[in-house]
Amino acid sequence: MRVVFVGAGGVSVETAKALIKKGHEVIIIETVKAKIDELSEELDCSFLLGDGSHPSILCEVNPAQTDFLFCLADSDQDNIIASLVGRSLGFKRIVTSIDDPQFEEICHVLELEDTIIRSRTISRYLEDMVGGSKDTEISTVIKDEARFFTLIAKEEDTVAAEDLKLPTDARVICYYRDGEFSHADEETKFRIGDEVVILTHSKNIPVLQERWQPKTAQEEPADAASPD
């Protein structure tokens with residue numbers, strides 16, 4: 001896959017290292033040249049000097065050919081703007097990182113579905129640690145080819161879990177309704193707006209993405225237009 005990072009912070013660098021090791025193509029957009037010079041000695045990937053929230057910069061990384069745009073800059077506002085610009089340019093999937101939970105509702109309104117709140121993730125980890133839990137790292141559970149896939153239920157998804165007709169090796173394990181977590185079984189019936197979490201084999205991800213994250217009109221090839 002082809003992955004673009006906005007911002008060369010710690011999360012970007014560690015994720016980039018892992019993706020490069022697996023053979024993926026990585027491009028990192030960074031505003032500080034000195035940081036690029038430093039990282040270019042340890043990362044076998046491409047770098048682009050500039051503001052990742054600026055349309056002209058994002059256009060240079062060929063949005064139509066990019067599978068993921070990770071907006072991981074230090075500024076929540078920059079990440080939100082970069083995500084919106086990226087969506088307008090046709091990036092297939094965009095992940096928005098924010099630190100301030102006050103921006104979460106704004107991201108929902110703007111339909112930035114893949115939003116990560118870093119402070120909340122860390123606080124949950126520390127809370128579990130104080131509670132006596134030791135194995136809270138997701139990597140201790142999700143290994144090998146296991147993957148999580150999430151979807152936001154639409155009208156056609158308001159059925160029981162067993163009626164979602166998921167691929168083999170895919171199961172609904174839980175869901176969030178109005179921000180509240182609940183376990184799910186085959187008889188659980190979903191409502192519009194529920195965030196449904198599926199545990200699946202990695203081979204099923206393209207099928208799930210095609211069904212619940214279809215290409216937008218601007219991603220369709222020009223010759224796909226219907227004849228006059």
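FYI, side chains are in, hydrogens and waters are out, and symmetry mates aren't considered; it's all heavy atoms of this structure.
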*Asks:* If you look at every heavy atom in L89 and C59, which pair is closest and at what distance?
*Replies:* CD2-SG, 3.7 Å

*Asks:* Under the criterion side chain to side chain contact (heavy atoms under 4.5 Å, CB included), I'd like the reasoning laid out for L39 against V13: C-alpha separation, chi angles, the key distance, then a yes or no.
*Replies:* CA-CA 8 Å; L39 291 175; V13 172; 3.9 Å; yes

*Asks:* Looking only at atom types and distance, does a side-chain atom of D185 sit under 3.5 Å from a main-chain N or O of T188, one as donor and one as acceptor?
*Replies:*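 Yes, D185 side chain to T188 backbone: donor-acceptor pair under 3.5 Å.
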
*Asks:* Kindly indicate whether the side chain of V6, heavy atoms from C-beta on, has any atom under 4.5 Å from the side chain of F70.
*Replies:*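 The answer is no; the side chains never approach within 4.5 Å.
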
*Asks:* Could you walk me through whether I116 and I98 pass the side chain to side chain contact (heavy atoms under 4.5 Å, CB included) test, one step at a time?
*Replies:* CA-CA 6 Å; I116 299 173; I98 58 175; over 6 Å; no

*Asks:* Only one of N79, L84, D76 forms a side-chain contact (heavy atoms from CB on, under 4.5 Å) with T96, so which one is it?
*Replies:* N79

*Asks:* Using a strict threshold of under 4.0 Å (side-chain N to carboxylate O), is an ion pair present between K92 and D67?
*Replies:*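 Yes, D67 and K92 are salt-bridged.
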
*Asks:* Main chain of D169, side chain of T200: is a donor-acceptor contact present, judged purely on distance under 3.5 Å?
*Replies:*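 Indeed, once roles are kept as given, a pair shorter than 3.5 Å links the two residues.
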
*Asks:* Do we see a donor-acceptor contact under 3.5 Å between the side chains of T66 and R2?
*Replies:*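 Indeed, the side chains of T66 and R2 share at least one donor-acceptor pair under 3.5 Å.
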
*Asks:* Inspect the surroundings of CG in N62 and state if more than 12 heavy atoms from other residues, nucleotides or ligands are less than 6.0 Å away.
*Replies:* yes

*Asks:* Please test E113 against L151 for side chain to side chain contact (heavy atoms under 4.5 Å, CB included), starting from the C-alpha separation and ending with a verdict.
*Replies:* CA-CA 9 Å; E113 297 180 355; L151 64 97; over 6 Å; no

*Asks:* Between I81 and I94, is there a shared hydrophobic cluster once you connect ILVMFWY residues whose side-chain heavy atoms come closer than 4.5 Å?
*Replies:* yes

*Asks:* Check whether any side-chain heavy atom of F148 lies under 4.5 Å from a side-chain heavy atom of I205, and answer yes or no.
*Replies:* no

*Asks:* Can a donor-acceptor pair be found, under 3.5 Å and without considering hydrogens, that links the side chain of H24 to the backbone of M1?
*Replies:*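 Yes.
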
*Asks:* List the residues meeting side chain to side chain donor-acceptor pair (under 3.5 Å) with E42, not counting sequence neighbours, and say none if there are none.
*Replies:*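 In terms of side chain to side chain donor-acceptor pair (under 3.5 Å), with neighbours along the sequence ignored, E42 is linked to K17.
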
*Asks:* Are the side chain of R87 and the backbone of E111 linked by a donor-acceptor contact shorter than 3.5 Å?
*Replies:*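 A pair under 3.5 Å: yes.
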
*Asks:* Evaluate the side chain to side chain contact (heavy atoms under 4.5 Å, CB included) criterion for residues L112 and I80: first the C-alpha distance (whole Å), next the side-chain angles of each, then the deciding distance (0.1 Å), finally the verdict.
*Replies:* CA-CA 8 Å; L112 298 175; I80 292 173; 4.2 Å; yes

*Asks:* Using a 4.5 Å cut-off on heavy atoms from C-beta on, say whether the side chain of V4 contacts that of F68.
*Replies:*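 No, side chains not in contact.
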
*Asks:* Pair up each side-chain donor or acceptor in residues 45-58 with any protein partner under 3.5 Å, not counting sequence neighbours, and list the distances.
*Replies:*
from, atom 1, to, atom 2, distance (Å)
D51, OD1, S53, N, 2.9
D51, OD1, S53, OG, 2.7
D51, OD2, S53, OG, 3.3
H54, ND1, S56, N, 3.3
H54, ND1, S56, OG, 2.8

*Asks:* Are K189 and D163 ion-paired here, with the side-chain N under 4.0 Å from a carboxylate O?
*Replies:* no

*Asks:* Between F149 and W212, how do the two ring planes meet: parallel, tilted or perpendicular, split at 30° and 60°?
*Replies:* tilted

*Asks:* Looking at S75, is its backbone amide N or carbonyl O close enough to the side chain of D78 to form a donor-acceptor pair, meaning the two atoms are under 3.5 Å apart?
*Replies:* no

*Asks:* Quick one: closest heavy-atom pair of A184 and Y175, and the distance?
*Replies:*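 Residues A184 and Y175, closest heavy atoms: CB-CD2, 3.9 Å.
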
*Asks:* So, E30 side chain and A8 main chain: donor-acceptor pair closer than 3.5 Å or not?
*Replies:*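 Between the backbone of A8 and the side chain of E30 there is a qualifying donor-acceptor contact (under 3.5 Å).
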
*Asks:* Give a yes or no on whether L72 and L43 share a hydrophobic cluster (residues Ile, Leu, Val, Met, Phe, Trp, Tyr; joining criterion: side-chain heavy atoms under 4.5 Å apart).
*Replies:* yes

*Asks:* Using a 3.5 Å distance criterion without hydrogens, assess whether the side chain of S12 forms a donor-acceptor pair with backbone atoms of G7.
*Replies:* yes

*Asks:* Side-chain heavy atoms under 4.5 angstrom apart, residues restricted to Ile, Leu, Val, Met, Phe, Trp, Tyr: same cluster for V159 and L166?
*Replies:*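 Same cluster.
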
*Asks:* Would you kindly confirm whether F190 and I152 end up in one hydrophobic cluster when ILVMFWY residues are joined by side chain heavy atoms under 4.5 Å apart?
*Replies:* no

*Asks:* What orientation do H183 and F181 show, parallel under 30°, tilted 30 to 60°, or perpendicular over 60°?
*Replies:*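 Aromatic pair H183/F181 classed perpendicular.
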
